[in-house]
Amino acid sequence: MAEKLFAGFAKTKTNPPMGINVPGYFKKRWSDGFITDLYLHATAFQCGEHKAIVFSSDAIGMFETAYKTIREKIAERVKIDVNSIYICCTHSHTSFRITNPGEKDMSDDAIFMRRIHQTFADLAQFAFEDLKPVEDVKIARGIAKDVGFIRRYRMKDGSCKTNPATGNPDLVAFDGIQDESLQLVRIIRENASEILFVNFGTHPDVIGGTKYCADWPGFTRRYVEEDLPGVSAIFFTGCQGDSN
C-alpha cells in the first residue's frame with residue numbers, strides 16, 4: 001500500500017531594519033521605509049519516513065556559504081536530510097541579500113542576518129507542525145503574454161548589450177525569446193487551506209527606490225489569495241536573467 005502524502009505550510013515576515021543597504025544596483029541605497037512587507041514562505045512534505053521542504057524568500061539572493069549554514073540549521077531542527085531542503089529567492093531588487101555574518105560583527109545588518117538564519121529553522125518547524133493529509137495535487141500550465149521583455153539586444157556592430165538606452169539607433173533585435181509560460185501546482189489538503197505554487201520568470205525589478213517591497217511576486221501572491229479564499233500562495237521565480 002502506498003504511503004500517504006502530507007503537506008504543511010507556514011509563512012512569516014522578514015522585514016529588515018531601516019538604514020541598511022538595499023542591494024541590487026551598482027550604488028548604495030539606504031533603506032528608509034516599506035511599500036509592502038517581505039516574507040519567507042515554506043511548504044513541508046512527508047511521505048512515510050521521507051521528508052522534504054521548500055522555501056521561497058523575498059530576498060534578492062543568497063550566498064552559497066549562507067545556504068549551507070541555513071540548511072544545516074534546518075536539518076538539525078526538524079531531523080531532515082540537507083539534500084531534501086530547497087531554497088528559492090524571488091530576487092526582488094527592493095529586498096535584502098542573505099549572507100553569513102561574522103561572529104563578531106555587531107552591525108545592524110549582521111544582527112538581522114542572524115535572525116534570518118534562525119527564522120528559516122523556526123519556519124521549517126512550523127511547516128512540519130502544520131502537516132495535513134493531501135487529498136489531491138493538480139497541475140496547470142498557461143501563457144501570461146506581454147508581462148516581460150528580453151533586455152538583451154543584438155547591436156549593429158555585432159555585439160550584445162543589456163538594457164541599452166531606449167530608442168538607441170544601433171539596436172537590431174532582441175537576443176532571445178521571452179519565456180511567457182506560467183506554471184501552477186495546487187495542493188489540496190484535508191480540512192486545511194490549499195497550497196498553491198506559482199512559477200513565472202520575469203525580473204522582479206519593477207519598483208525601484210529605497211523602500212522595501214516584495215515587488216511583483218509579492219503582489220501576485222496577494223492577488224491570488226484575495227481571489228481564491230482559503231488558498232495560501234507560495235511563489236517561485238523562474239529563470240529571468242535576461243528578462244525584464
Side-chain angles (χ1 to χ4, degrees), residues 9-17 20-25 29 31 33-44 52-64 66-67 70-71 74 85-99 109 112-113 115-117 119-124 126-127 144 147-151 178-187 195-228 231-244:
F9 180 84
K11 72 175 184 179
T12 190
K13 292 179 184 178
T14 53
N15 292 338
I20 64 176
N21 181 44
V22 182
Y25 291 176
R29 291 182 294 160
S31 56
F34 285 87
I35 297 175
T36 66
D37 292 318
L38 305 181
Y39 283 90
L40 176 65
H41 295 74
T43 301
I53 188 166
V54 291
F55 293 89
S56 178
S57 171
D58 287 332
I60 192 169
M62 172 183 286
F63 286 170
E64 185 178 7
Y67 176 66
I70 289 171
R71 288 208 306 171
I74 295 167
I85 301 168
Y86 304 89
I87 301 173
C88 168
C89 295
T90 62
H91 196 61
S92 167
H93 281 247
T94 42
S95 58
F96 58 92
R97 180 177 288 111
I98 302 174
T99 64
D109 200 351
F112 170 64
M113 275 302 108
R115 178 166 69 83
I116 290 298
H117 283 225
T119 299
F120 270 93
D122 293 344
L123 207 65
F126 300 152
V147 174
F149 64 92
I150 295 296
R151 66 175 183 169
Q178 176 71 21
D179 182 359
E180 297 182 320
S181 62
L182 170 67
Q183 284 73 228
L184 304 174
V185 178
R186 178 184 175 193
I187 302 167
I195 304 169
L196 184 68
F197 288 5
V198 183
N199 168 247
F200 187 73
T202 294
H203 229 93
D205 187 16
V206 178
I207 302 299
T210 55
K211 299 189 186 307
Y212 290 114
C213 183
D215 212 282
W216 69 263
F219 286 96
T220 299
R221 291 193 306 256
R222 192 182 81 196
Y223 288 131
V224 165
E225 291 178 347
E226 288 177 354
D227 286 345
L228 301 174
V231 168
S232 297
I234 180 169
F235 187 87
F236 296 99
T237 312
C239 295
Q240 35 71 32
D242 285 336
S243 173
N244 265 5

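Residue numbers count from 1 along this sequence.
Residues Val54 and Phe197 have side chains in contact (heavy-atom distance under 4.5 Å, counting atoms from C-beta outward). Side-chain contact between Ser56 and Thr90 is present, with heavy atoms from C-beta onward closer than 4.5 Å. Contact check for Pro204 versus Val206: no side-chain heavy atoms found under the 4.5 Å cut-off. The shortest distance between side-chain heavy atoms of Val198 and Leu184 falls below 4.5 Å. The shortest distance between side-chain heavy atoms of Thr12 and Phe126 does not fall below 4.5 Å. The shortest distance between side-chain heavy atoms of Leu182 and Asn199 does not fall below 4.5 Å. Side-chain atoms of Phe55 and Ile85, non-hydrogen and from C-beta on, do get closer than 4.5 Å to each other. Within the 4.5 Å cutoff, side-chain heavy atoms of Phe120 are placed close to those of Leu40.
Here Glu226 pairs with Arg222 in a salt bridge; the nearest charged N to carboxylate O distance falls below 4.0 Å. Between Asp58 and Arg221 there is a salt bridge, since at least one side-chain N of the basic residue sits less than 4.0 Å from a carboxylate O of the acidic one.
Distance check, rounded to the nearest 0.5 Å: CG of Leu38 to SG of Cys213 gives 7.5 Å. In this structure, Ile234 CD1 and Ile195 CD1 are separated by 8.0 Å, a value rounded to the nearest 0.5 Å. Annotation: the span from Tyr212 atom OH to Ser95 atom OG amounts to 8.5 Å, rounded to 0.5 Å. Here the straight-line distance linking atom OG of Ser92 with atom CG of Asp205 works out to 8.0 Å at 0.5 Å rounding. Taking CD1 of Ile150 as the start and CD of Gln178 as the end, the distance is 5.0 Å to the nearest 0.5 Å.
Taking the ring pair (Phe, Tyr, Trp, His ring centres under 6.0 Å) definition, one finds that Phe63 meets it with nothing, sequence neighbours left out. Not counting sequence neighbours, Asp109 has no partner by the side-chain hydrogen bond (donor to acceptor under 3.5 Å, both in side chains) test. Under the rule for a ring pair (Phe, Tyr, Trp, His ring centres under 6.0 Å), Tyr86 has no partner lying at least two apart in sequence or in another chain.
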request  = Could you walk me through whether Arg71 and Ile87 pass side-chain contact (heavy atoms from CB on, under 4.5 Å), step by step?
outcome  = CA-CA 9 Å; Arg71 288 208 306 171; Ile87 301 173; 4.2 Å; yes
task = Any chance you could lay out the ring-ring contact (aromatic ring centres under 6.0 Å, His included) test for Phe200 and Phe235, step after step, and finish with the verdict?
result = CA-CA 8 Å; Phe200 187 73; Phe235 187 87; 7.9 Å; no
request  = Check step by step if side-chain contact (heavy atoms from CB on, under 4.5 Å) holds for Leu196 and Leu228.
outcome  = CA-CA 10 Å; Leu196 184 68; Leu228 301 174; 4.3 Å; yes
request  = In sequence, state the C-alpha distance, the side-chain angles, and the governing distance for Ile70 and Ile98, and then conclude on side-chain contact (heavy atoms from CB on, under 4.5 Å).
outcome  = CA-CA 10 Å; Ile70 289 171; Ile98 302 174; 3.8 Å; yes
request  = Would you check, one step at a time, whether the test side-chain contact (heavy atoms from CB on, under 4.5 Å) holds for Met62 with Tyr67?
outcome  = CA-CA 7 Å; Met62 172 183 286; Tyr67 176 66; 3.5 Å; yes
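Listed here is the closest heavy atom pair of Arg115 and Asn15: NH2-O, 2.9 Å. Residues Ala124 and Ile74 approach most closely at CB-CG2, 3.7 Å, considering heavy atoms. Pairing each heavy atom of Ala214 with each of Thr36, the nearest pair is N-OG1, 3.0 Å. Minimum interatomic distance between Gln240 and Thr237 (heavy atoms only, all atoms of both residues): CG-CG2, 3.6 Å. Of all the heavy atoms in Ile60 and Pro23, the pair that sits closest is CG2-CG, 3.8 Å. Scanning both residues, Met113 and Arg97, for their nearest heavy atoms gives CE-O, 3.3 Å.
Without hydrogens or angle criteria, Glu225 side chain to Ala233 main chain gives a donor-acceptor distance under 3.5 Å. Using a distance-only test at 3.5 Å, with no hydrogens or angles considered, no donor-acceptor pair links the side chain of Asn244 to the main chain of His203. Side chain of Asp179 to backbone of Ser181: a donor-acceptor contact under 3.5 angstrom is found. No donor-acceptor pair closer than 3.5 Å links the side chain of His41 to the backbone N or O of Ser232. Using modelled atom types, no side-chain atom of Thr202 and backbone atom of Ser243 make a donor-acceptor pair closer than 3.5 Å. The backbone N or O of Thr210 sits nowhere less than 3.5 Å from a side-chain atom of Thr94 that would complete a donor-acceptor pair.
Between Phe96 and Phe112, the distance from one ring center to the other falls under 6.0 angstrom.
For the pair Arg29 and Tyr25, the cation sits on the ring face: its NZ or CZ lies under 6.0 Å from the ring centre, inside 45° of the axis. A cation-pi arrangement is present between Lys11 and Tyr39 under the rule of less than 6.0 angstrom and at most 45 degrees off the ring axis.
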